[in-house]
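Comments concern the structure below.
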There are 2 protein chains.
Amino acid sequence: MRTVTDEPTGEPAGKPTPSPYPEDVSRFVERFASELTDAGMTRMSARVFAALLASESGALNSAELGERLHISPAAVSGAVRYLTQLGLIGREREPGSRRERYRVHSDQWYETYSRRNQVLTRWVDTMRTGVEALGEDTAAGQRIDETLAFFEFLHAESAAMMDRWTVRRARLREQGRLAGGEDGEDGGGERNGTGPGDGPER
Amino acid sequence: MRTVTDEPTGEPAGKPTPSPYPEDVSRFVERFASELTDAGMTRMSARVFAALLASESGALNSAELGERLHISPAAVSGAVRYLTQLGLIGREREPGSRRERYRVHSDQWYETYSRRNQVLTRWVDTMRTGVEALGEDTAAGQRIDETLAFFEFLHAESAAMMDRWTVRRARLREQGRLAGGEDGEDGGGERNGTGPGDGPER
DNA sequence: TCCTAACTTCACAATCTTGTGAAACCACAG
DNA sequence: CTGTGGTTTCACAAGATTGTGAAGTTAGGA
C-alpha cells in the first residue's frame, strides 16, 4: 500500500535525486538492508545505510531519509547515531542551513572489515584463557588451541589481504575500471556472471 | 594426557554427575559463549557449543550439558537443533544406551568460514541488482559497483586463503605443533603478540 | 508386547527490542 | 534576544525472543 509516500515536492533548491524515488531502487535498498540485518545490523541502521549508499550524492539529510524509508525523525536519529559510532557514516552541516547531512564513508567496507579483525583478536584472547584453564595437555585444550591457531591465521591473512585491496583499489581507480571493471588474477577472479533477474527475492 | 573432571562416561542411570566442573573452565565457556552471542549466535546455542568445545572428549549428552549450563532439556534440544542445522555439531548414538551425544565437528570453523563466503555471493548478487537499478552511469551506481568489486575481491581471496589453511593445518598437525605451536610466515605471518591487554570483559 | 528413559514439541510467562509521538533541546537567522 | 527549523531524548505500546514446565513421542530392552 504505497500511497503517496511521496512528499510535498515543494522542496526548495534542487535535490540531486528525484523525490519519489524509483521502485527498483527502493527494492534494492530494502533487499540489501534485509541482508545486512540478517548479518546482525539493526534494521533501521541497515535501511538508512542502504539508502545512503543508493543515493546519488551519497549523502542525505534526516527529512529525505524519513521520506524515503517512511520512518520517523526519531528513528533516523537513532540509526544515525549507531552508524556514526560504527564509523560507517559521517555527518556534515549544510552551510547556511541548520540541517545535517549524513554521508557514507568511502572506505566503509574496508573499515568494517578491519574492525572485524579486531574482534578476532578478542576471540583469540579469550581462547588463550581457555587453553590455560583446560591445560595444553588435555584434548579439550588442544582442540581450543587449534581453533586459536585458525583465528590467528585468519587474522594475519586478513591483514595482508586488506593491504592487497588498497593497492588493487588504487589501481582500479586510476584505470577507471571500478565501474563495471573486470579483473583477472589474484586467486582466480571468478565473476559470478548471472542475471540478477532471477534474484531470490529476499 | 591429563584428564579433567569430565566424562561420567557410562553412567546412563539417574545419578546426575555432581561434578560441577572447574571454575575457570566454566568462566571460559561463558565468556566465549557471550562473544559468540555478540557475533550473532543464539545464546543457548553459543553456550552449548562452547561447552562442547571445552569438554574433554568433544562430545556431551543432553544431561551433561543441562548440568554444566544449568538449562532445561528443552533448551538443550533447541540449541542442538540449531547447531545441527548450522552444521557446527553432529549427533551420535551411544551404543547400548538411548542417549544421544552431541559432538563438535572438527572442521567447524573452516566450514563456518566457508559458509560466510556463500553469504558474500548473495550480497554480490544483490548489489548487481542495485547497479542495474541505478545505472552504471550514476554516482550511486558506481559507488555500489565499487562495493561489489570489494566483495568479489574478498570472495576470491577468502577461497584462496582457506586452501592455504587446509595445507597449513595439515602441516601443523603432522608436526604436532597445533597444541601451543609457534609459527611465523605465510602471508605476512604476524603473531599478534598479545591481545589488547585491556581485555574488555564485556 | 509393554515399560520407560530420553528427546522433542507446545503453550506461555518473563524479558528484550523496536519505533513512535511528543516534549525538550539547540543553534542560528533576524 | 527571540522565534523557529531541525535534531535528540524520553516513556511507552506493540512485537519479538527466550527458556521453561509439562505433555507428547519414539525407540531400546525385557
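Here is how names work: the chains are called A, B, and so on, in the same order as the sequence lines, proteins then strands, and each is numbered from 1.
- Residue A:Ser62 places at least one side-chain N or O closer than 4.0 Å to OP1 or OP2 of D:dT7.
- D:dT8 atom C1' lies 11 Å from atom CD of A:Glu100, rounded to whole Å.
- Among pairs with a residue in residues 72-93 of chain B, those fulfilling side chain to side chain donor-acceptor pair (under 3.5 Å) read B:Glu92-B:Arg103, at least two apart in sequence or across chains.
- Taking 4.5 Å as the limit, some side-chain heavy atom of A:Trp123 sits within range of a side-chain heavy atom of B:Leu36.
- In this structure, B:Leu65 atom CG and C:dT8 atom P are separated by 12 Å, rounded to whole Å.
- Going from atom CG of B:Asn61 over to atom C1' of C:dC7 covers 11 Å, rounded to whole Å.
- No side-chain heavy atom of B:Leu83 sits less than 4.5 Å from a side-chain heavy atom of B:Tyr102.
- Rounded to whole Å, the distance from CZ on B:Arg47 to C1' on D:dG19 is 11 Å.
- A:Leu88 has its side chain within reach of A:Met41: a pair of non-hydrogen atoms, C-beta onward, lies under 4.5 Å apart.
- In this structure the side chain of B:Leu134 never reaches within 4.5 angstrom of the side chain of B:Gln142, judged on heavy atoms.
- D:dT8 atom P lies 14 Å from atom CZ of A:Arg99, rounded to whole Å.
- The OH atom of B:Tyr82 sits 17 Å away from the P atom of C:dT8 (whole-angstrom rounding).
- A close approach under 4.0 Å does occur between a side-chain nitrogen or oxygen of B:Arg81 and OP1 or OP2 of C:dT9.
- Here the side chain of B:Arg68 pairs no donor or acceptor atom with the backbone of B:Ser26 at under 3.5 angstrom.
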Extract from the structure each pairing of a protein N or O with an N or O of nucleotides 25-30 of chain D at less than 3.5 Å, listing the distance.
residue	atom	partner	partner atom	Å
D:dG28	N2	B:Arg98	NH2	3.3
D:dG28	N3	B:Arg98	NH2	3.3
D:dG29	OP1	B:Gly96	O	3.1

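- In summary, B:Arg128 and B:Glu132 do not engage in a salt bridge, as defined by a charged side-chain N under 4.0 Å from a carboxylate O.
- Between A:Trp109 and B:Phe150, the distance separating the two ring centers is not shorter than 6.0 angstrom.
- Rounded to a whole Å, the CZ atom of A:Arg91 is 16 Å from the P atom of D:dG6.
- Counting only heavy atoms from C-beta outward, the side chains of B:Thr129 and A:Phe32 never approach each other to under 4.5 Å.
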Measure all distances between protein nitrogen or oxygen atoms and nitrogen or oxygen atoms of nucleotides 18-24 of chain C, and list the pairs falling under 3.5 Å.
residue	atom	partner	partner atom	Å
C:dG19	OP1	A:Arg43	NE	3.2
C:dT20	OP2	A:Ser72	N	3.2
C:dT20	OP2	A:Ser72	OG	3.0

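- Nucleic acid contact for B:Ser77: base, since at least one base atom lies under 4.0 Å from a heavy atom of the residue.
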